[in-house]
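Everything numeric here is computed off the predicted structure, so don't read it as measured data.
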Amino acid sequence: MPTPAPADHVAPAEHIEVPTRLLVHALIREDGTVDAGELYAVADVLGMSDQQVRLCIKRLVAEGRFSHEGRGRKARLHATEDTVRALAPNADFLRHAFRQDAGLAPWDGSWHLVAFAVPEADRAARDTLRDTLVRLGGAPLQGGLYVCANAWEPYVEDAARRLGVLDALTLLTTTDLRRGTTPRDPVELARALWPQQEIADRYHRLARLTRPRLARLTGPADLTPAELLTTAVELAAELSRATEPDPLLPPELLPTPWPGTEARSLVARCWAALDAREHDAARPVLFRQYATLAREAAEQTKKGK
């Protein structure tokens with residue numbers, strides 16, 4: 001007969017797959033550097049081989065995303081300004097999600113549309129614009145016409161300006177959106193336009209993977225700096241998997257309860273617990289950024305109540 005687990009026992013956390021590239025990015029410190037010793041230590045906890053890490057570093061340097069000084073575990077990587085800027089978590093979108101969760105961002109009933117006509121000669125810019133619109137929460141209505149439930153105009157215009165196709169855009173809003181035989185009801189439209197079940201499944205997975213890590217972070221056991229960093233990187237990887245395809249539809253358009261609300265709450269509590277445990281002045285940017293969002297989420301939850 002198996003021996004029962006002690007009352008304070010925490011079940012082993014399910015494995016989270018972390019891309020090597022994401023690991024390197026997640027360990028960038030405030031001064032733009034990555035300590036190779038720290039990188040190899042966390043990679044070891046994640047089950048990555050030294051060769052796997054070395055090859056990733058070599059590729060990142062070859063792509064011009066990092067420079068490299070020193071050898072082996074005593075080396076130091078230096079991220080370029082573009083790398084640091086591009087890899088920062090999109091605080092605006094996570095902040096908006098937490099405001100939605102707290103009931104502080106009600107939907108005004110407006111649909112935000114973008115139409116574009118980019119010539120074939122600018123195919124690369126056109127394809128990038130399409131990808132950007134989807135990443136920003138848009139759904140295609142028909143060729144060159146995308147819709148979003150949130151006010152995305154500043155982000156769309158910024159992306160189009162960088163691509164040199166701003167003059168090819170038309171932006172408009174409407175409260176009367178109809179699409180073929182789809183019912184006009186906004187909830188039905190949202191269900192038809194976005195893969196809500198797939199997104200919900202990702203959040204169910206995020207919550208399942210986060211709970212044992214939260215129990216460990218808030219438990220009595222001492223955790224090494226490498227273990228804390230590993231947990232932070234795992235959470236960042238899984239949060240990205242869940243949030244990247246999420247258009248952050250207003251709660252009024254989603255089924256209730258929506259699993260994203262609970263999953264984000266669990267992750268925010270993990271980040272608060274990590275922030276309380278980790279006091280290294282040279283900690284990665286990742287800690288500061290997500291710890292700030294966790295504190296804001298807690299304050300917004302209080303306001304929502």
Legend entry - Pairwise side-chain contact, L209 with E234, heavy-atom cut-off 4.5 Å (strictly under): no
Legend entry - Contact check, side chains of Y290 and L235, non-hydrogen atoms, under 4.5 Å: no
Inset, instruction - Verify the cluster assignment for L171 and L177: are they in a single hydrophobic cluster under the rule of side-chain heavy atoms below 4.5 Å apart? - result: no
Legend entry - Residues L169, L129; criterion side chain to side chain contact (heavy atoms under 4.5 Å, CB included); working and verdict: CA-CA 10 Å; L169 291 191; L129 179 61; 3.9 Å; yes
Inset, instruction - Would you indicate whether the side-chain heavy atoms of R205 and E14 approach each other to under 4.5 Å? - result: yes
Legend entry - N/O donor-acceptor pair under 3.5 Å between Q100 side chain and L248 backbone: yes
Inset, instruction - Taking only Lys NZ, Arg NE, NH1 and NH2, and the carboxylate oxygens of Asp or Glu, determine whether R211 and E262 approach each other closer than 4.0 Å. - result: yes
Legend entry - Side-chain donor or acceptor of D185 paired with backbone N/O of E188 under 3.5 Å: yes
Inset, instruction - Indicate yes or no: at least one non-hydrogen side-chain atom of V114 is less than 4.5 angstrom from one of W152. - result: yes
List, one per line, each side-chain donor-acceptor pair under 3.5 Å for residues 265-274, sequence neighbours excluded.
none

Inset, instruction - Identify whether V34 and L55 are in the same connected component of the hydrophobic contact network (ILVMFWY, side-chain heavy atoms under 4.5 Å). - result: no
Inset, instruction - Only counting residues at least two apart or in another chain, list the ones meeting side-chain contact (heavy atoms from CB on, under 4.5 Å) with Q142. - result: L145
Legend entry - Side chain to side chain, V53 and V24, heavy atoms closer than 4.5 Å: no
Legend entry - Separation of Y40 OH from Q52 CD (nearest 0.5 Å): 11.0 Å
Legend entry - V134 with W194, same ILVMFWY side-chain cluster at under 4.5 Å: no
Inset, instruction - Find out whether H112 and V156 are in side-chain contact, i.e. whether some heavy atom of one side chain is under 4.5 Å from a heavy atom of the other. - result: no
Legend entry - Pairwise side-chain contact, E153 with T173, heavy-atom cut-off 4.5 Å (strictly under): yes
Legend entry - Interatomic distance, N150 atom CG to Y155 atom OH [nearest 0.5 angstrom]: 9.5 Å
Inset, instruction - Say whether, by atom type as modelled, one donor and one acceptor occur between the side chain of E252 and the main chain of W107 under 3.5 angstrom. - result: yes
Inset, instruction - Examine V147 and L172 and state if one hydrophobic cluster contains both, with Ile, Leu, Val, Met, Phe, Trp and Tyr joined whenever side-chain heavy atoms are less than 4.5 Å apart. - result: yes
Legend entry - Presence of salt bridge, D158 and R162, under 4.0 angstrom: yes
Inset, instruction - Identify the two heavy atoms, one from A41 and one from A226, that lie closest to each other, and give their separation to 0.1 Å. - result: CB-CB, 4.4 Å
Inset, instruction - Enter the distance from I199:CD1 to E244:CD here, rounded to the nearest 0.5 Å. - result: 12.5 Å
Inset, instruction - Would you indicate whether the side-chain heavy atoms of L113 and T170 approach each other to under 4.5 Å? - result: no
Legend entry - Separation of L163 CG from T128 OG1 (nearest 0.5 Å): 5.5 Å
Inset, instruction - Would you mind checking if D246 and R202 are paired as a salt bridge, meaning a charged N to carboxylate O distance below 4.0 Å? - result: no
Inset, instruction - Assess whether side chain to side chain contact (heavy atoms under 4.5 Å, CB included) is satisfied between L60 and H25, documenting all intermediate values. - result: CA-CA 10 Å; L60 290 169; H25 293 159; 3.9 Å; yes
Inset, instruction - Give every residue pair that meets the side chain to side chain donor-acceptor pair (under 3.5 Å) criterion with at least one member in residues 63-74, sequence neighbours excluded. - result: R21-E63, D50-R73, E63-R65, E69-H78
Inset, instruction - Output yes when a side-chain donor or acceptor of R184 lies under 3.5 Å from a complementary backbone atom of R178, and no otherwise. - result: no
Legend entry - Cluster link F116 to W111, ILVMFWY, side chain under 4.5 Å: no
Legend entry - Cation-pi, Y203 ring and R264 (6.0 angstrom, 45 degrees): yes
Legend entry - Closest non-hydrogen atom pair between A79 and V84, with its separation: CB-CG2, 3.8 Å
Inset, instruction - For Q196 and L254, indicate whether the former's side chain and the latter's backbone hold a donor-acceptor pair under 3.5 Å. - result: no
Inset, instruction - Using a cut-off of 6.0 Å, state whether more than 12 heavy atoms not belonging to D167 lie near its atom CG. - result: no
Legend entry - Nearest-0.5 Å distance that lies between atom CZ in R179 and atom CG in L189: 8.5 Å
Inset, instruction - Establish, from distance only, whether the side-chain atoms of T33 and D31 form a donor-acceptor pair under 3.5 Å. - result: yes
Legend entry - Gap separating the OG1 atom of T182 from the CG atom of L193, nearest 0.5 angstrom: 7.0 Å
Inset, instruction - Could you check D44, T20, I57, L229 and say which one makes a side chain to side chain contact (heavy atoms under 4.5 Å, CB included) with L39? - result: I57
